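Since the structure is predicted, the reported quantities are computational estimates derived from the model, not experimental observations.
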Amino acid sequence: MSKQKRFLLSEAELPTQWYNIQADMKNKPLPPLNPATKEPVSVDDLSHVFAHECAKQELDQTHAWIDIPTEVLERYKYYRSTPLVRAYALEEALGTPAHIYFKNESVSPLGSHKINSALPQCYYCKQEGVTNVTTETGAGQWGAALSYAAKAFGLECAVYQVKISMLQKPYRSSIMRTFGATVEGSPSMSTRAGKDIITADPNHPGSLGTAISEAIELATTTPNCKYTLGSVLNHVALHQTIIGLEAEKQMAMAGEYPDTIIACFGGGSNFGGLAFPFMRHQLQMENGKSSNGKWIDFIAAEPSSCPKLTKGKFEYDFGDSAGYTPLLPMYTLGHDFKPANIHAGGLRYHGAGVIVSQLLKDGYMRGMDIPQTESFQAGLLFARTESIIPAPESCHAIAATIREALKCKETGEQKVILFNLSGHGLIDMTAYDSFLNGDLQDFEYKG
Ligand SMILES: *Cc1c(COP(=O)(O)O)cnc(C)c1O
């Protein structure tokens, strides 16, 4: 008889601070640059677009621990801690000696990890007297999370959703509107950036890049409106470390420590969120501050059609397709890269966050490319064994986990594998339908 074993923290055991890995990195991330002057951007520069507190966190390379505001902690308690689960049935189905654990972020009110950062971002905006927030969204997870958090803290919210994803996931815009947000398909005719893109290519399916350009334009042309981002940036990964900090305590409850940590990778926030608190021990060991670190194999699972970690170049590039953002030092496929229309909308982004990019460059982690059909095959096995339908993004982490677990079967190694279930797929059933009907294809990256 196979069963799941769940580990949960009490309210008193919830982490009260986020972990800022920048403080412990030997090679700090290079600074973002102003594209016009090529000078490093300052907190004040970033504050034109983002909440001031988020801008400060973005460039903070000194404070390792940052207090979670009480109001945010109270909101976290609506759904945290999230369960850490031992996946016995999946292990059994694979016949692997590996122990597989997953951190289940799909239990949040919106079904993914994204509200972990949406809540503090909206909280800081409210504190700073901002009245409106805007953003882009791909599959709609971030837009939904921001809509929820904006409502929680009494802000107006406008979302630009990638057009192709809006058609693929119609219910996400319903969720955003349910929480009171307005939603536009991007590219749209409501911004100059959008108009330019449509003029050049009337059938442009949209991308996270086009939607970012539109949202930033709205934020910079509307008084008291701030832009928010649900991935890629350092402060987003910072907020997501709540995942790994909880997981560390929960793994201790299980009496184990991971050999391998896996998460799917769009811009790096759920990966960083799970990985950084564990990576901290390695960094401290290197800095001579600790002796009990253990080397972990950190794997970021990305779609083989959008492989910035394994096939991208490390260079300064724009975060958006129109070139509105600062230049970021990152692994990138180029800001004009047009990703294939895979169903994992949250992974269709051309670049990787700057912290993760530096860590990859320095050999602390690796990327793994997963073809679309393999990801859904993994998702089906997970659903049928662990009784949760995973988000198409999360399916990539599951596929990578299965690859590693099957390797253990060959070698007989009893590795402990921990992966992040970043979200559930209950609003992504058209994607599952296509897969089950045999209509899904794999897209190879052509450089
Ligand atoms: C947005 C999203 C991702 C990708 O974003 P990261 O910043 O790389 O974590 C992954 N999974 C789900 C469910 C998402 O909504």
I need the [X] [atom1] to [Y] [atom2] distance, nearest 0.5 Å.
| X | Y | atom1 | atom2 | value |
| --- | --- | --- | --- | --- |
| Ile68 | Asn116 | CD1 | CG | 9.5 Å |
| Asp259 | Lys415 | CG | NZ | 6.5 Å |
| Gln372 | Ser304 | CD | OG | 8.5 Å |
| Glu71 | Lys126 | CD | NZ | 12.0 Å |
| Ile299 | Cys264 | CD1 | SG | 13.5 Å |
| His235 | Tyr124 | NE2 | OH | 10.0 Å |

Residue that, paired with Ser375, satisfies side chain to side chain contact (heavy atoms under 4.5 Å, CB included) out of Leu440, Asp442, Ile398, Ile370 = Ile370
Between [Y] and [X], is there a side-chain donor-acceptor contact under 3.5 Å, judged purely by atom types and distance?
| X | Y | answer |
| --- | --- | --- |
| Thr222 | Asn224 | no |
| Asn34 | Glu39 | no |
| Thr332 | Glu315 | no |
| Thr310 | Asp369 | yes |
| His424 | Glu105 | no |
| Tyr364 | Gln358 | no |
| Thr135 | Trp142 | yes |
| Glu256 | Tyr101 | yes |

query = What do the steps show when you test His396 against Leu347 for side-chain contact (heavy atoms from CB on, under 4.5 Å), and what is the final call?
reply = CA-CA 10 Å; His396 291 72; Leu347 308 186; 3.5 Å; yes
Heavy-atom side-chain proximity of [X] to [Y] below 4.5 angstrom:
| X | Y | answer |
| --- | --- | --- |
| Leu59 | Pro32 | yes |
| Asn20 | Gln57 | no |
| Pro326 | Leu46 | yes |
| Thr82 | Ser108 | no |
| Phe278 | Leu418 | yes |
| Pro205 | Lys163 | no |
| Met279 | Phe298 | yes |
| Leu218 | Glu184 | no |

If we ignore hydrogens and angles and just use 3.5 Å, is the side chain of [X] paired with the main-chain N or O of [Y] as donor and acceptor?
| X | Y | answer |
| --- | --- | --- |
| Thr241 | Leu238 | yes |
| Gln22 | Glu58 | yes |
| Arg172 | Ala139 | yes |
| Ser186 | Gln161 | no |

Going by an N to O cut-off under 4.0 Å, is there a salt bridge joining [X] and [Y]?
| X | Y | answer |
| --- | --- | --- |
| Lys26 | Asp362 | no |
| Arg403 | Glu374 | yes |
| Glu217 | Lys195 | no |

Closest contact, heavy atoms only, [X] versus [Y]:
| X | Y | value |
| --- | --- | --- |
| Leu421 | Asn104 | CD2-OD1, 3.4 Å |
| Phe265 | Gly353 | CZ-N, 4.4 Å |
| Ser269 | His113 | OG-NE2, 3.4 Å |
| Leu333 | Cys306 | CD1-C, 3.8 Å |
| Val159 | Thr137 | CG1-CG2, 3.5 Å |
| Pro15 | Leu9 | CD-CD1, 4.5 Å |

Sequence neighbours excluded - side chain to side chain donor-acceptor pair (under 3.5 Å) pairs with any residue from residues 148-160 = Tyr160-Ser190
Parallel under 30°, tilted from 30 to 60°, perpendicular over 60°: which one fits the rings of [X] and [Y]?
| X | Y | value |
| --- | --- | --- |
| Trp18 | His239 | tilted |
| Tyr19 | Trp65 | tilted |
| His335 | His350 | perpendicular |

request  = Take Lys103 and Gln250 through the test side-chain hydrogen bond (donor to acceptor under 3.5 Å, both in side chains) and record every step on the way to the result.
outcome  = CA-CA 9 Å; Lys103 179 73 168 151; Gln250 290 163 309; 2.7 Å; yes
Determine whether more than 12 heavy atoms belonging to other residues, nucleotides or ligands lie under 6.0 Å from atom [atom1] of [X].
| X | atom1 | answer |
| --- | --- | --- |
| Lys294 | NZ | yes |
| Lys56 | NZ | no |
| Tyr78 | OH | no |

request  = For Asp60 and Thr62, run side-chain hydrogen bond (donor to acceptor under 3.5 Å, both in side chains): C-alpha distance rounded to whole Å, both residues' side-chain angles, the deciding distance at 0.1 Å, then the answer.
outcome  = CA-CA 6 Å; Asp60 187 337; Thr62 47; 3.2 Å; yes
task = Please lay out, stage by stage, how Val133 and Leu146 fare under the test side-chain contact (heavy atoms from CB on, under 4.5 Å).
result = CA-CA 8 Å; Val133 287; Leu146 189 72; 4.0 Å; yes
query = Step by step, would you call Tyr227 with Phe50 a ring-ring contact (aromatic ring centres under 6.0 Å, His included)?
reply = CA-CA 5 Å; Tyr227 171 66; Phe50 298 102; 5.5 Å; yes
task = Show your working on side-chain contact (heavy atoms from CB on, under 4.5 Å) between Phe271 and Met365 and close with a plain yes or no.
result = CA-CA 11 Å; Phe271 172 83; Met365 55 175 282; 3.6 Å; yes
task = Start with the C-alpha gap between Thr199 and Asp196, add the side-chain angles, then the distance that decides, and say whether side-chain hydrogen bond (donor to acceptor under 3.5 Å, both in side chains) holds.
result = CA-CA 5 Å; Thr199 307; Asp196 287 351; 5.3 Å; no
request  = Take Glu404 and Arg366, measure what salt bridge (charged side-chain N to carboxylate O under 4.0 Å, His left out) needs, and give me the verdict at the end.
outcome  = CA-CA 13 Å; Glu404 291 302 301; Arg366 60 189 172 115; 3.6 Å; yes
task = Please lay out, stage by stage, how Met189 and Ile198 fare under the test side-chain contact (heavy atoms from CB on, under 4.5 Å).
result = CA-CA 8 Å; Met189 294 299 281; Ile198 291 174; 3.6 Å; yes
Row check, Tyr331 ring normal vs Lys308 NZ/CZ: under 6.0 Å, within 45° = no
